[in-house]
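One-based numbering along the sequence shown.
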Amino acid sequence: GVWISDGISVNDEGEMGMKISMNFSIDQDDLGRYANAADLRHFYESFSLSGLEVMPLGDDPQHLVEKDMVVGVHLCCITDWMDLDQAMLLSHYRRDLNYARRMRAEYVVFHVTQVSYAESLTYEMRHSDSEVVDAAAAFINELLDGQDYPFWFLMENLWWPGLNMLDAAITSRLLSQVHYEKKGIMLDTGHFMNNHYHLQTPEDAVVCLNQMLDAHEPLLPMIRGIHLNQSLSGAYMKDYLQHPLTPKDDPEALATQTFLHIFQIDQHRPFTAPGVRKLIDRIAPLYVTLEYITRDRKEHAQFLKEGTEALFCK
């Protein structure tokens, strides 16, 4: 394939290939980095990106995000949900799905997982992968059956019970139960790395991801999108499991405790190993999101520079 400058590749038959975007949250942390819509557009276009994968956490009073910027919408996912009221969950997700329809998003992202704050600290899980994917598939069908949404519904892996890409039979079990026609997987490379504490280098991660793809070979066409990032936190996790934290009783303190722990695990840094481009070519997704956690605009620019160089080099 040949790369052209606006983040879209053209294959040898002249067909359009994948779109490359960056993650963007509608919250003050991200909104405050840009003066106006033109500034935001100029920022992502300077890295040859097609647009944004938006997480609609709040309101956008400056109207920074314009319709033609949105490639995908990351639904605001609730990770501890299996015991919650289904009507509340449906209205929560429908709000984001309606936003995606309004913004003409080409895909939405949904986490298939179940983990409470306490479980994520103790690593004593109450549900198996199969229990979680069965419950998630039933919920997704309730959410999407009879709706006429135009976008892809991409289910994302985490490193908790549910879809974690550790067992192709579980991945297949999930996909086979979801009725929605335009369904697929959003493979988060960093979340996959978080399952494997032995990984020390980006090169190790490329090998490990390719082994997972070998096991998922028949399902590779279902991987329609990739959240491309790197998370090598195995040393932290090995140490953590020797001295796990005791969950705090106060709900706010517990939430803070959990988020600090999660940020140590899930690094969302640029994935720049030789072999990243080959990995992407092997999967041939429709969408790649350079999904990073950054402190400010300058760091985000640096991460995008590193990430796009790895992606665009043959």
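Atom CG of D59 has 12 or fewer neighbouring heavy atoms from other residues, nucleotides or ligands inside a 6.0 Å radius. Annotation for Q62: atom CD counts as buried by contact number, over 12 foreign heavy atoms lying within 6.0 Å. The environment of NZ in K278 is sparse: at most 12 heavy-atom neighbours from other residues, nucleotides or ligands sit within 6.0 Å. The environment of E181 atom CD is sparse: at most 12 non-hydrogen atoms of other residues, nucleotides or ligands sit within 6.0 angstrom.
Counting only heavy atoms from C-beta outward, the side chains of T308 and S48 never approach each other to under 4.5 Å. Contact annotation: the side chain of V54 never approaches that of H74 to less than 4.5 Å [non-hydrogen atoms, C-beta and beyond].
If you take CG on L260 and CG on L245, they are separated by 9.5 Å, rounding to the nearest 0.5 Å. Atoms OG and CZ, from S21 and F47 in turn, are 14.0 Å apart once rounded to the nearest 0.5 Å. Remark: Y236 OH to S231 OG distance equals 11.5 Å, nearest 0.5 Å. Taking CZ of F303 as the start and CD1 of I293 as the end, the distance is 9.5 Å to the nearest 0.5 Å. With rounding to the nearest 0.5 Å, the separation of CZ in R95 from CG in L75 is 10.0 Å. Interatomic distance, OH of Y93 versus CG of L143, reported as 9.0 Å (0.5 Å rounding).
The pair D39-R297 counts as a salt bridge, with a side-chain nitrogen and a carboxylate oxygen less than 4.0 angstrom apart. Salt bridge status for R269 with E306: absent, with no side-chain N to carboxylate O gap under 4.0 Å.
In this structure, D296 has no salt bridge (Lys or Arg N to Asp or Glu O under 4.0 Å) partners at least two apart in sequence or on a different chain. In this structure, E142 has no salt bridge (Lys or Arg N to Asp or Glu O under 4.0 Å) partners at least two apart in sequence or on a different chain. Among residues two or more places apart in sequence or in another chain, the salt bridge (Lys or Arg N to Asp or Glu O under 4.0 Å) test is passed with E217 by R282.
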**Request:** Might you work through the salt bridge (charged side-chain N to carboxylate O under 4.0 Å, His left out) test for R41 and D68, ending with a clear yes or no?
**Result:** CA-CA 10 Å; R41 188 186 300 275; D68 66 337; 3.0 Å; yes

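For the 3.5 Å distance criterion, the side chains of D266 and H268 qualify, holding a donor opposite an acceptor. Counting only N and O atoms by type, the side chains of Q114 and D80 include a donor and acceptor under 3.5 Å apart. A donor-acceptor pair shorter than 3.5 Å can be found between the side chains of E53 and T289. Looking only at atom types and distance, the side chain of H191 has no donor-acceptor partner in the side chain of N157 under 3.5 Å away. A donor and an acceptor atom, one from each side chain of E156 and H111, are located under 3.5 Å apart.
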Ignoring hydrogens and angles, write down the donor-acceptor pairs under 3.5 Å from the side chains of residues 168-178, residues two or more places apart or on other chains.
from: T171; atom 1: OG1; to: D167; atom 2: O; distance (Å): 3.4
from: T171; atom 1: OG1; to: H216; atom 2: NE2; distance (Å): 2.8
from: R173; atom 1: NE; to: D134; atom 2: OD1; distance (Å): 2.8
from: R173; atom 1: NH2; to: D134; atom 2: OD2; distance (Å): 2.6
from: S176; atom 1: OG; to: S172; atom 2: O; distance (Å): 3.1
from: S176; atom 1: OG; to: R173; atom 2: O; distance (Å): 3.1
from: Q177; atom 1: NE2; to: D134; atom 2: OD1; distance (Å): 2.8
from: Q177; atom 1: NE2; to: R173; atom 2: O; distance (Å): 3.2

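Between the side chain of R33 and the main chain of D29, a donor-acceptor pair closer than 3.5 Å is present. Side-chain atoms of D96 come within 3.5 Å of backbone atoms of C76 as a donor-acceptor pair (strictly under, hydrogens ignored). Formation of a donor-acceptor pair under 3.5 Å by the E119 side chain with backbone atoms of R126 is found in this model. H196 contributes no side-chain N or O that, together with a main-chain N or O of C208, makes up a donor-acceptor pair within less than 3.5 Å. Side-chain atoms of Q230 never come within 3.5 Å of backbone atoms of G190 as a donor-acceptor pair (strictly under, hydrogens ignored). Not a single donor-acceptor pair under 3.5 Å links the side chain of N141 to the backbone N or O of D145.
Between Y180 and F153, the ring-plane angle classifies as perpendicular under the 30° and 60° cut-offs.
Applying the salt bridge (Lys or Arg N to Asp or Glu O under 4.0 Å) test to pairs two or more places apart or on separate chains, none has a residue in residues 232-256.
With ring centers used as reference points, F192 lies 6.0 Å or more from W159. Aromatic rings from Y44 and F24 are positioned such that their centres are separated by 6.0 Å or more. Remark: aromatic rings of Y123 and W160 are close, center separation under 6.0 Å.
Residue Y107 shares its hydrophobic cluster (ILVMFWY side chains chained together at separations under 4.5 Å) with V71, V109, W152, L154, M186, L286, Y287.
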